[in-house]
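Only one structure is covered here, and it is reproduced in the block below.
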Amino acid sequence: MSTHVYLIAEIGCNHNGDPKLAKEMIAQAKKCGVDAVKFQSFSASSLVSKFAEKADYQKRNMGREETQLEMLQKLELSHEDYLQLKKYAESLNLDVFSTPFDLETIDFLKDAGQTIWKVPSGEITNLPYLRSIAQVSCPKRKFIVSSGMATIEELKSCIAVLRESGVNSKEITLLHCNTEYPTPDTDVNITAICDLRRSFPGLNIGFSDHSVGSVAAIEAVALGASVIEKHFTLDKALSGPDHVASSTPDELRALCKDVRRAEAMLGHGCKIVTKSEAKNKNAARKSIVASRKIKKGETFTNANLACKRPGYGISPMLWDELCGLTAQRDFSEDELIIQNGFPWQEQS
């Protein structure tokens, strides 16, 4: 049986601080077929200083006039708004969680009953943050760690901090990630999933996809990714830093459909004859037949035998054993050869 890939619609801050827009995004994400929706929770003043510049992609998408702090202040959701959205998502049988970006928000989400904890790429070198999030105690807790902008050594240090605080390997999923929005095809580097698997045996490996389209996600599933996270928007033209690089409902729906197909195609890993193809064996394979009339007692040779369809007579793999023996009866041209001691191939 193939593994169920866990699909996350990353709403992030694409709600633009509007809880009504966020609620509609949850509803649309559900229709697309995801397993979970994810938000980003933060106090802008705790996340960035007033001197912090925007990232290049944020300048490109939002302009250079305002600071990163001013931009993020417009994208905050109140705690009450988030709790209402969480309740709504759960009513649709969606998992819902939010990435905390500061210590106070970790405490808020813990009190809200969160069990899935996302460590974003920007926090994997933040020791106080890692210690705080790792010490959260809750039933069936899970940690999802993004690896954008990180070296293997930085990731090892991050995972070590989590483990030192009591997090076990089975609780951690490490996501391959490139922190550019959108990620150029030449930088997606999907086969890095294999490097992560070699470097972190025992961890689940997934993919946080910032590329355009669903090709990278399908490739990740083929390489064994157990989690796919994709940024989601209702309209790429909306004002905000991440909308341009996010999937629309139509694009996310197609991605979910393609991932589920890819799951089915992965199969169980054993080379067998499947039900769907078994019925074609007789029509596609060959058997040993008479290439001309053969008289009883005549010797079978390369000259009077041939290999032709159908495939339920004597297997051509027994050609050498049959040649040199004498025919036990007459055969007409194209007739399947019958000879004692030579079984026919199984008929489908």
Side-chain angles (χ1 to χ4, degrees), residues 3-15 22 25-26 29-30 32-42 77 79 81-124 126 129-148 155 158-159 161-163 165-177 196 200 202-210 217 220-221 225-232 252 256 259:
T3 301
H4 178 82
V5 177
Y6 191 72
L7 292 172
I8 304 169
E10 166 69 288
I11 291 174
C13 56
N14 277 348
H15 47 70
M25 293 179 76
I26 293 171
K30 172 65 176 181
C32 290
V34 300
D35 298 292
V37 291
K38 188 180 81 65
F39 289 86
Q40 295 175 1
S41 295
F42 53 86
L77 275 178
H79 288 181
D81 284 339
Y82 174 72
L83 292 175
Q84 291 299 316
L85 292 168
K86 179 176 183 289
K87 184 177 180 181
Y88 176 65
E90 290 171 342
S91 75
L92 299 180
N93 293 317
L94 284 170
D95 291 342
V96 56
F97 59 107
S98 189
T99 301
F101 283 83
D102 54 72
L103 303 186
E104 294 80 4
T105 304
I106 292 175
D107 291 336
F108 160 67
L109 293 172
K110 179 177 65 175
D111 292 341
Q114 180 157 294
T115 60
I116 303 174
W117 295 89
K118 173 71 183 293
V119 178
S121 295
E123 305 298 333
I124 60 176
N126 183 343
Y129 175 97
L130 294 174
R131 284 176 173 164
S132 179
I133 204 168
Q135 289 167 4
V136 171
S137 178
C138 58
K140 299 180 180 179
R141 68 177 181 175
K142 297 178 182 177
F143 294 89
I144 301 175
V145 181
S146 270
S147 63
L155 291 172
C158 169
I159 299 302
V161 173
L162 297 180
R163 285 172 168 159
S165 298
V167 180
N168 65 61
S169 295
K170 292 182 179 180
E171 294 177 310
I172 303 173
T173 297
L174 182 59
L175 303 186
H176 172 49
C177 177
L196 293 178
F200 299 94
L203 299 191
N204 293 316
I205 305 298
F207 179 46
S208 180
D209 185 9
H210 298 145
V221 172
S226 59
V227 173
I228 300 292
E229 177 186 87
K230 189 76 170 180
H231 277 260
F232 180 54
L252 185 62
C256 292
V259 165

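FYI, the numbering just counts along the sequence from 1.
- Of all heavy-atom pairs spanning I106 and S132, the tightest one is CD1-OG, 3.7 Å.
- Heavy atoms from other residues, nucleotides or ligands lying under 6.0 Å from CZ of R131 number 12 at most.
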Show which side-chain atoms of residues 109-116 pair as donor or acceptor with protein atoms under 3.5 Å away, not counting sequence neighbours.
residue, atom, partner, partner atom, Å
Q114, OE1, S98, N, 2.9
Q114, NE2, S98, O, 2.9
Q114, NE2, I116, O, 3.1

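- Ring geometry, F101 versus F42: the interplanar angle exceeds 60°, so the pair is classed perpendicular (tilted spans 30 to 60°).
- Shown here for F39 and I26, the closest heavy-atom pair between the two residues is CZ-CD1, 3.8 Å.
- Considering only heavy atoms from C-beta on, V37 stays 4.5 Å or farther from K30 through its side chain.
- Among V227, V34, I228, the one residue that satisfies the side chain to side chain contact (heavy atoms under 4.5 Å, CB included) test with I8 is V227.
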message: Apply side-chain contact (heavy atoms from CB on, under 4.5 Å) to residues Y82 and V96 and explain how you reach the verdict.
response: CA-CA 10 Å; Y82 174 72; V96 56; 4.1 Å; yes

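- Under a 3.5 Å cut-off, the side chain of S147 and the backbone N or O of L175 do form a donor-acceptor pair.
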- prompt: Would L196 and L155 count as a side-chain contact (heavy atoms from CB on, under 4.5 Å) if you check the C-alpha gap in whole Å, the side-chain angles of each, and the deciding distance to 0.1 Å?
  reply: CA-CA 9 Å; L196 293 178; L155 291 172; 3.9 Å; yes

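- Applying the side chain to side chain contact (heavy atoms under 4.5 Å, CB included) criterion to N126, with sequence neighbours excluded, gives E123, P128, Y129.
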message: Checking F200 against I172 for the side-chain contact (heavy atoms from CB on, under 4.5 Å) test, could you report, in this order, the C-alpha distance in whole Å, the side-chain angles of both residues, the deciding distance, and whether it holds?
response: CA-CA 10 Å; F200 299 94; I172 303 173; over 6 Å; no

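- You'll find the side chain of V145 stays beyond 4.5 Å of the side chain of L203, heavy atoms only.
- Between I133 atom CD1 and S165 atom OG the span is 11.0 Å, to the nearest 0.5 Å.
- Nearest heavy-atom pair, C256 versus C32, reported as atom, atom and distance to 0.1 Å: CB-O, 3.3 Å.
- One distance of note links CG of D95 with CG of L7; it measures 11.5 Å at 0.5 Å rounding.
- A salt bridge (Lys or Arg N to Asp or Glu O under 4.0 Å) with E171 is found for exactly one of K140, R141, K142, namely R141.
- Side-chain contact between E10 and Q40 is present, with heavy atoms from C-beta onward closer than 4.5 Å.
- With rounding to the nearest 0.5 Å, the separation of OG in S226 from CG in L174 is 10.0 Å.
- To the nearest 0.5 angstrom, S121 atom OG is 7.0 Å from H210 atom NE2.
- Here the CG-CD distance, from L162 to Q135, works out to 10.5 Å after rounding to the nearest 0.5 Å.
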- prompt: Should L83 and F108 be marked as a side-chain contact (heavy atoms from CB on, under 4.5 Å) after you check the CA-CA gap, both sets of side-chain angles, and the distance that decides it?
  reply: CA-CA 10 Å; L83 292 175; F108 160 67; 4.0 Å; yes

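- For the atom pair NZ of K38 and NZ of K230, the computed distance is 14.5 Å after rounding to the nearest 0.5 Å.
- Closest approach of G148 and I124 over heavy atoms only: O-CD1, 4.3 Å.
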